[in-house]
Amino acid sequence: MSRGGALRRLAAHEGRWLVSLVWWVARRRIGVAPGERALGYAAAQAAFVYGLAFVCVVETVGLSALFAGEPAVHGVLLVLDVYTVLMVLGLQAAAVTRPHVLGAGVLWLRDGARRDLRIPVGRIASVRYDLRFSRSEARAGDAAAEGTAAGVAEFAVGGQTSVTVELAEPAVVVGLLGRRATVGTVRFHADDPRAAVRAVQEAVQEAVREAMTGADDGPGAGGAGVTRP
């Protein structure tokens, strides 16, 4: 991807987490329609994020006192520090307001404001509870997190995933900077992973029943113009 394209994607990411802060304050969620099920994942990182935000606030106060006699330096540092605090809180806000969503025949996995993946439930071969620590290379950057290693995409939280989805057909994951990877296995974290597994399994079973019903109603199965014996 060109440098301009990467910058546009980064700017869009900034806009998404800033919007998430507003929705977080309003106690609303983004992209969860009535009747759809939200699968939260933000709890695992909450303590870390709030602790980091507290450290940033303490640093802001300390630097403000240290450079109180230097208005220009004080102003620049204050803007940077406040933006840093907002960015840290935006990480949690994006995770809270953008949960995974199960509904309308699609499992929509999201990694806060960074990236997402929509999986039609009819393409899910299996789903299981599977607690794992994220691979060290996946935590290092987008390339591994996109699933370039062994065709696995990880939507980890707090360095771990708890649900593994095996796909009947490969899916394409697009990273923050636009890099694409084809994967056959997707791992994600959920605050209540066993409940998430049950919900996805039920959605898959419902998709199978609907497919069988459609086949029964098709040509040669008692449809229009066909008389059954």
Student: Rest of the hydrophobic cluster containing V157 (Ile/Leu/Val/Met/Phe/Trp/Tyr, side-chain heavy atoms under 4.5 Å)?
Tutor: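 Members other than V157 - counting any ILVMFWY side chain reachable under 4.5 Å - are Y41.
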Student: Between E154 and T161, does any side-chain donor sit less than 3.5 Å from a side-chain acceptor?
Tutor: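 Distance-only check fails for E154 and T161.
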Student: Flag the pair R37 / V101 as yes when at least one side-chain heavy-atom distance between them is below 4.5 Å, and no otherwise.
Tutor: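 With C-beta onward as the side chain, the pair stays apart.
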Student: Surrounding CZ of R209 (heavy atoms of other residues, nucleotides or ligands, distance under 6.0 Å), is the total greater than 12?
Tutor: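 More than 12 heavy atoms, drawn from other residues, nucleotides or ligands, come within 6.0 Å of this atom.
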Student: So, R98 and S20: side-chain donor and acceptor under 3.5 Å apart, yes or no?
Tutor: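 Result is yes, a qualifying pair exists.
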Student: For H100 and F188, run ring-ring contact (aromatic ring centres under 6.0 Å, His included): C-alpha distance rounded to whole Å, both residues' side-chain angles, the deciding distance at 0.1 Å, then the answer.
Tutor: CA-CA 9 Å; H100 305 312; F188 68 93; 5.0 Å; yes
Student: Are any non-hydrogen side-chain atoms of L21 and V25 less than 4.5 angstrom apart?
Tutor: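 The answer is no, as the side chains (C-beta and beyond) never meet within the 4.5 Å cut-off.
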Student: Looking only at heavy atoms, which two atoms of S162 and H189 are closest? And how far apart?
Tutor: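 Smallest interatomic distance, heavy atoms only, reads OG-ND1, 3.2 Å.
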Student: State whether the side chain of R9 and the backbone N or O of G175 hold a donor-acceptor pair below 3.5 Å, judged by distance alone.
Tutor: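 A pair under 3.5 Å: yes.
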Student: Determine, step by step, whether E166 and S126 satisfy the side chain to side chain donor-acceptor pair (under 3.5 Å) criterion, reporting the C-alpha distance in whole Å, the side-chain angles of both residues, the deciding distance to 0.1 Å, and the verdict.
Tutor: CA-CA 5 Å; E166 302 288 350; S126 66; 5.4 Å; no
Student: Using only atom types and a distance under 3.5 Å, with no angle test, would you say the side chain of E36 pairs donor to acceptor with the backbone of A33?
Tutor: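 Confirmed, E36 side chain pairs with A33 backbone.
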Student: Does the Lys NZ or Arg CZ of R110 fall within the cation-pi geometry relative to W108 - under 6.0 Å from the ring centre and within 45° of the axis?
Tutor: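 Satisfied, under 6.0 Å and within 45°.
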Student: Transitive ILVMFWY cluster of F54 at side-chain heavy atoms under 4.5 Å: who else is in it?
Tutor: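 Members other than F54 - counting any ILVMFWY side chain reachable under 4.5 Å - are V58.
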Student: State, with a plain yes or no, whether a side-chain heavy atom of V106 is found less than 4.5 Å away from one of V121.
Tutor: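 Side-chain contact under 4.5 Å: no.
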Student: Ring-plane angle category for W24 and Y50, please: parallel below 30°, perpendicular beyond 60°, tilted otherwise.
Tutor: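 W24 vs Y50 ring planes: parallel.
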Student: Would you mind reporting whether I119 and L117 have side-chain heavy atoms less than 4.5 Å apart?
Tutor: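 Sidechains of I119 and L117: in contact.
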Student: Answer yes or no: is there a side-chain heavy-atom contact under 4.5 Å between V61 and E59?
Tutor: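 They are not in contact (no side-chain heavy atoms under 4.5 Å apart), so the answer is no.
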Student: Tell me the closest heavy-atom pair linking V49 and V88, and the distance in Å.
Tutor: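 Heavy atoms only, the tightest pair is CG1-O, 3.4 Å.
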Student: Taking 4.0 angstrom as the limit, do D130 and R132 come out as a salt bridge?
Tutor: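 R132 and D130: salt-bridged.
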Student: So do the side chains of L167 and V186 get within less than 4.5 Å of each other, counting heavy atoms only?
Tutor: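 They are in side-chain contact.
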Student: Would you check if the side chain of H74 reaches a backbone N or O of L63 as a donor-acceptor pair within less than 3.5 Å?
Tutor: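 It does not hold such a pair.
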Student: Going by heavy atoms in the side chains, are R115 and V173 under 4.5 Å from each other?
Tutor: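 When only atoms from C-beta onward are counted, V173 and R115 do touch, with a gap below 4.5 Å.
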Student: Is the closest side-chain heavy-atom distance between P193 and L131 below 4.5 Å?
Tutor: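 A side-chain contact under 4.5 Å is absent here.
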